[in-house]
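Reviewing the structure listed below.
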Protein chains: 2
Amino acid sequence: MARATLRDVAQKAGVSASTVSRVFSRPEMVAADVRERVEEIARELRYLPNPIARGLARQRTGNLGVIVPDIANPYFTPLVKSLQSDARARGCNVFVADTDEHASRERDLGIAMSQQVDGIVLASPRMGDDEVRALAADVPLITIGRLVEGVSGVGTPANNGIRQAVELLAAQGHRRIAYLDGPPQSFVAVQRRGATLDAAEEFGCSVEVFGPFQAAVNAGRRAADLVLASDVTAVIAYNDQIAFGCMARLKECGRRIPEDYSIVGIDDSSVAEYCEPRLTTVRVPIVKAGALGLDILWDLMNSPRDRTPIVEELEADLVVRRSTAAR
Amino acid sequence: MARATLRDVAQKAGVSASTVSRVFSRPEMVAADVRERVEEIARELRYLPNPIARGLARQRTGNLGVIVPDIANPYFTPLVKSLQSDARARGCNVFVADTDEHASRERDLGIAMSQQVDGIVLASPRMGDDEVRALAADVPLITIGRLVEGVSGVGTPANNGIRQAVELLAAQGHRRIAYLDGPPQSFVAVQRRGATLDAAEEFGCSVEVFGPFQAAVNAGRRAADLVLASDVTAVIAYNDQIAFGCMARLKECGRRIPEDYSIVGIDDSSVAEYCEPRLTTVRVPIVKAGALGLDILWDLMNSPRDRTPIVEELEADLVVRRSTAAR
DNA sequence: ATGAAAGCGCTAACAG
DNA sequence: CTGTTAGCGCTTTCAT
């Protein structure tokens, strides 16, 4: 079924191609009667402007790229969904791509995308600063989560919330804390570990670091056995999924949460609500960061290039639930 | 940073545009020495063929569209991930879109996509048969999960597994079963309900239907209180998420699983493994269906149109875990 | 093996 | 307000 083209409509309506084009791009520029007739015929022929051709001519595609390390991670899904609907509200389609946590795939995808989207949202980039900057030089781009010098983005440092978590645990009488480290590719992981170490020092706790672990439930289960073999009384995990897995396994091994172990996650993704008991966690406002980032990206896309990068940071706070308690 | 174009490379290399074009599309057609020089210069200029322009000229974009009702549903995420990597292996980018369970958004997305992708994978379509057929007339398309008459696709009827579930429950001494119904937009929901009812009759059980429920954990929590107010001893849920929520809430209310209630999910998504106790569920082979569907779609895309639709069905089997037991 | 020329379907000055 | 004329960047006959 060959699609109707602009010329088909123009011909049948007895007007020029430009007129039909205008009817679809700047309707106000064409006389009402002509416009209606064209629209009528277009409908008849089931004509729709070809976005590829339009993209070539306009030098803009109307597409937005979103790159995430793992679309199956419940931390990213709400971000993706909210970006999708925000973008749609602005008349953009969204290209989502998953890098499987690989920096190299992230780079390749970014390069491949850069020519078919008007802008890219790069969530928690795994590639190096230089590579991000190189990509940002080719296409309007913002990062979410991690900030890269010289590139616009919205950072979501968890330090504040992590400090609150350690403060809470210390107040609850915990002195020996396990930190379950995140995947080595994750820049955020080193931040979070550092924040935990700093806060522990501040509040007089010792920290034993386990890991690295992939950001997944099963990795957390593996962590639990390490925790059991140590003498810690509380656990802070790189993210909620690891915390969830660790908690599940600890319970399997007959430990009670929070009586025997206090557990803190990071992210406040949906799993935190589904844990039993519900998980105390650091709420990282990633959806808000995404919305803000999209605003920034929008400016970047619609304004003369070479602006100085716009950078925001959104703080994270601890959400206290049932998985932490006094010893 | 204006990207280099084909002409830039041609000019600098002292060859015609066609030659450069060939270097990137049919390298075997150009002499080795010329090719190498062109490649060298292209690298120097950081030239990459513009996929938009190429799409226009070739009448194929190299993009694949994937439409799912809810990207946050762990049932669909593995499908999306596997399609993404399979497509990438064939040199295709993937456009993922989420319809938020809305038939109308699904239709709009399909239409919008149809002109910028070479083919569409429509997972568990929410729109009517006619609309699916209309879309399939405009673009190579396959459905996954639900089959639509006249359209290629891979069906994953759960009937078989559901029958096995009821058989198991009956054998375990359950006589009164609750069925937690799925969202009204879902065609699969009516299938699954019907299958439950049929099997119940076959094995001499009565079924009380509750719902409809959205395919989400919280909806399942709500269902639990309904279950408590009835006199059933076992529950079959439209999907694992509802089962998970229901189970969590039942436990909160002091009921033991499986001693007090046996619970069966459908899908065998990741949550089934994370339930406590691990969830007995009907394994729907959606990833396999996706891979098979992609093969079919590939044929559709690369062959003369108007072929008779290719249809496959993949059966589902019960996976027995810990959430079911004899009364 | 390479180049010239004619588009792919649409937009965007520029005239009128 | 509308039509004419050039492209957007690439591919693809068709010659040579």
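Treat the numbers as computed from the prediction; the structure is a model and nothing was measured. Below, chains carry the letters A, B, ... as their sequence lines are ordered, and counting in each starts from 1. When reading the values below, keep in mind they use all heavy atoms of this one structure, side chains included, and skip hydrogens, waters and symmetry mates.
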Value in whole Å for how far the [atom2] atom of [N] lies from [atom1] of [X]:
X	N	atom1	atom2	answer
R54(B)	dC10(D)	CZ	C1'	8 Å
R7(B)	dG9(D)	CZ	P	9 Å
D118(B)	dC8(C)	CG	P	18 Å
R3(B)	dC8(D)	CZ	C1'	16 Å
I52(B)	dC8(D)	CD1	P	16 Å
L56(B)	dG9(C)	CG	C1'	6 Å
Q116(B)	dG9(C)	CD	C1'	14 Å
E36(B)	dA1(C)	CD	C1'	15 Å

Residue [X], side-chain atoms from C-beta onward, closest of [options]:
X	options	value
S18(A)	dA12(C), dT12(D), dG9(D)	dA12(C)
V30(A)	dG3(D), dT2(D), dC10(C)	dT2(D)
V34(A)	dT12(D), dC10(D), dT2(D)	dT2(D)
A31(B)	dG9(D), dA12(C), dT2(C)	dT2(C)

Axis deviation across the helix from dA1(C)-dT16(D) to dG16(C)-dC1(D), five-pair ends, to the nearest 10°: 30°
V139(B) and R3(A), any side-chain heavy atoms less than 4.5 Å apart: no
5'-most by nearest nucleotide on DNA chain C - R35(B) or Q115(B): R35(B)
If you look at every strand shown and take non-hydrogen atoms under 4.0 Å, does [X] touch a base, only sugar-phosphate, or nothing?
X	value
R26(B)	sugar-phosphate
V20(B)	nothing
T5(A)	sugar-phosphate
T19(B)	sugar-phosphate

R22(A) CZ to R26(A) CZ distance, which is reported to the nearest 0.5 Å: 8.5 Å
Distance, nearest 0.5 Å, that separates OG1 of T77(A) from CG of D70(B): 9.0 Å
hbond_proxy S21(A) side chain to dA12(C) base (donor-acceptor, 3.5 Å cutoff): no
Donor/acceptor link under 3.5 angstrom from R22(B) side chain onto base of dG3(C): yes
State, to 0.1 Å, how close [X] and [Y] come at their nearest heavy-atom pair, and which atoms those are.
X	Y	value
L56(A)	I52(B)	N-CG2, 3.7 Å
T143(B)	V151(B)	CG2-CG1, 4.3 Å
D118(A)	T61(A)	OD1-N, 2.7 Å

Any donor-acceptor pair under 3.5 Å from S21(B) side chain to A17(B) backbone: no
Nearest-nucleotide comparison on DNA chain D, the residue closer to the 5′ end among Y47(B) and M29(B): Y47(B)
Q59(A) side chain near dG7(D) phosphate (N/O to OP1/OP2, under 4.0 Å): no
Presence of salt bridge, R107(A) and E131(A), under 4.0 angstrom: yes
